[in-house]
There are 2 protein chains.
Amino acid sequence: MAKDTKARIQTAALELIARQGVQRTSLRQIADQLGITKPALYYHFASRDDLVRSLLQPLLDECETMIIELERSGGDDPRRVLEECFDLLYRHRNVINSLVRDPTTLSELDLGNRLINWRLRVIAMVAGPRPSLAARVRAVVAVGGLADCTVLFDDHPVEKVRPAALEAALATLDRPEPVRRPARRRAPTSPRSSSRSR
Amino acid sequence: MAKDTKARIQTAALELIARQGVQRTSLRQIADQLGITKPALYYHFASRDDLVRSLLQPLLDECETMIIELERSGGDDPRRVLEECFDLLYRHRNVINSLVRDPTTLSELDLGNRLINWRLRVIAMVAGPRPSLAARVRAVVAVGGLADCTVLFDDHPVEKVRPAALEAALATLDRPEPVRRPARRRAPTSPRSSSRSR
DNA sequence: GTCTATAATACGATAGAC
DNA sequence: GTCTATCGTATTATAGAC
């Protein structure tokens, strides 16, 4: 036990942040959880922001390399793009839920912009070249829905969720041209549009 | 101009929160924006939390009534469920992006649990009775992807996004039984599974 | 209904001893 | 590498005048 204190700090911080959000987690709480004092944290991290950033760094690095690699070699294979995305999102689902979905974190630096940029690049790959609006919408649904699956089925084994999620996302994409949908199961004599719109 | 000061406070608060998150927005900032002082806010709201809650209340109320109404009358019509969801999410997209996605807000009271509960009820309606895991996954993708569309296409007219999003979500659901997918467009001789898994 | 003034508390961060 | 002690600054909230 010598230098891994840094790692223990990160673990404790992530745990607290997962429960109460970034802003609500103070250096005092983190120090207390470890049984050390606040100034001790400053030996390992230059500032609070430095600590938070260190939690995000692995995710950011892997996103960057994954997307660049996909764009270089596999951007024309939606299944492979979705597979890689699912695996990365699943691997980092803790950090994503605790930190990335927090608007406070997003607004600092250009993290929000970088994430939006990556997302759009993934969507662009999945939507294919010169996509119509409908195709882009399908890509958004596929990618966004896939992301939700990495987080909403925590009680299910990932080996079962993963293929199901990929099939569902790919099914969303498989609409080469707009057609009138055939009547769907169980749809009674309901009015075509009953929404009160907006 | 007499009693609508309360509404003006809410508007200013929402605007600031949209830009910097809930936790980063202080009563001082809100007061400054309106040209009044901090204690004046306490005449209209009992506390800071009271103000934040008042911003969420309309969304919460409408969610509750919408879901109850759907479960009573339209739970077996996925299209109608998705239509109502899209319209509600789109109508409240500002509050949703500013407040609801903030972990800090979610952890207070049982807001997070209520939202998860509603989401699961919507997913259950969309997935149909006694759904398989695959069917539930498709429902998650459909609902989650639909939600993303209300937020990601801000620069497009909603009259175009709405039908496209609904079609995409419904397409996701339309997989009555698991079949081997036919080969998809543009998939070259890529290896079937290249993911480094997790 | 809004003000001035202030209390009570928590925060991030630093200085300096050990 | 961790401590005690503390600085400066923010915050929410209240008391009481007008």
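In this text, all values refer to a predicted model and were calculated from it rather than measured experimentally. Residue numbers start from 1 in every chain, and the chains themselves are labelled A, B, ... in the order their sequence lines are given, proteins ahead of strands.
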Residues forming a salt bridge (charged side-chain N to carboxylate O under 4.0 Å, His left out) with B:Arg101, sequence neighbours excluded:
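Counting only residues at least two positions away or on another chain, B:Arg101 forms no salt bridge (charged side-chain N to carboxylate O under 4.0 Å, His left out).
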Q.
Once rounded to the nearest 0.5 Å, what's the spacing between atom CZ of B:Arg162 and atom CG of B:Asp87?
A.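 Answer for the CZ-CG pair, B:Arg162 versus B:Asp87, is 4.0 Å.
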Could you state the atom-to-atom distance from [atom1] of [X] to [atom2] of [N] in whole Å?
{"X": "A:Leu41", "N": "C:dA13", "atom1": "CG", "atom2": "P", "value": "11 Å"}
{"X": "B:Leu51", "N": "D:dT11", "atom1": "CG", "atom2": "P", "value": "15 Å"}
{"X": "A:Phe45", "N": "C:dG12", "atom1": "CZ", "atom2": "P", "value": "14 Å"}

Please list, for nucleotides 4-11 of chain C, all pairs of protein and nucleotide N/O atoms separated by less than 3.5 Å.
from   : atom 1 : to      : atom 2 : distance (Å)
C:dC11 : OP1    : A:Ser26 : OG     : 2.9

| message | Please tell me if A:Tyr43 has a side-chain N or O lying less than 4.0 Å from either OP1 or OP2 of D:dT2. | response |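 For A:Tyr43, the contact criterion (side-chain N or O under 4.0 Å from OP1 or OP2 of D:dT2) is not met.
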*Check whether any side-chain nitrogen or oxygen of B:Tyr42 sits under 4.0 Å from OP1 or OP2 of D:dA13, and answer yes or no.*
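Answer is yes, contact under 4.0 Å.
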For B:Leu106, all residues meeting side chain to side chain contact (heavy atoms under 4.5 Å, CB included), sequence neighbours excluded
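B:Leu106: side chain to side chain contact (heavy atoms under 4.5 Å, CB included) contacts with B:Val100, B:Leu111, B:Leu115.
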>> So, using side chain to side chain contact (heavy atoms under 4.5 Å, CB included) as the criterion, who are the partners of A:Arg53 when residues are at least two apart?
In response: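 Only A:Asp49, A:Leu109 meet the side chain to side chain contact (heavy atoms under 4.5 Å, CB included) criterion with A:Arg53.
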Under the ring-ring contact (aromatic ring centres under 6.0 Å, His included) rule, collect the residues that match up with A:Phe45, sequence neighbours excluded.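 Residues passing ring-ring contact (aromatic ring centres under 6.0 Å, His included) with A:Phe45: none at all.
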Listing, residues 32-39 of chain A side-chain donor-acceptor contacts under 3.5 Å, not counting sequence neighbours, or none:
from    : atom 1 : to      : atom 2 : distance (Å)
A:Asp32 : OD2    : A:Arg28 : NH1    : 2.7
A:Gln33 : NE2    : A:Glu15 : OE2    : 3.4

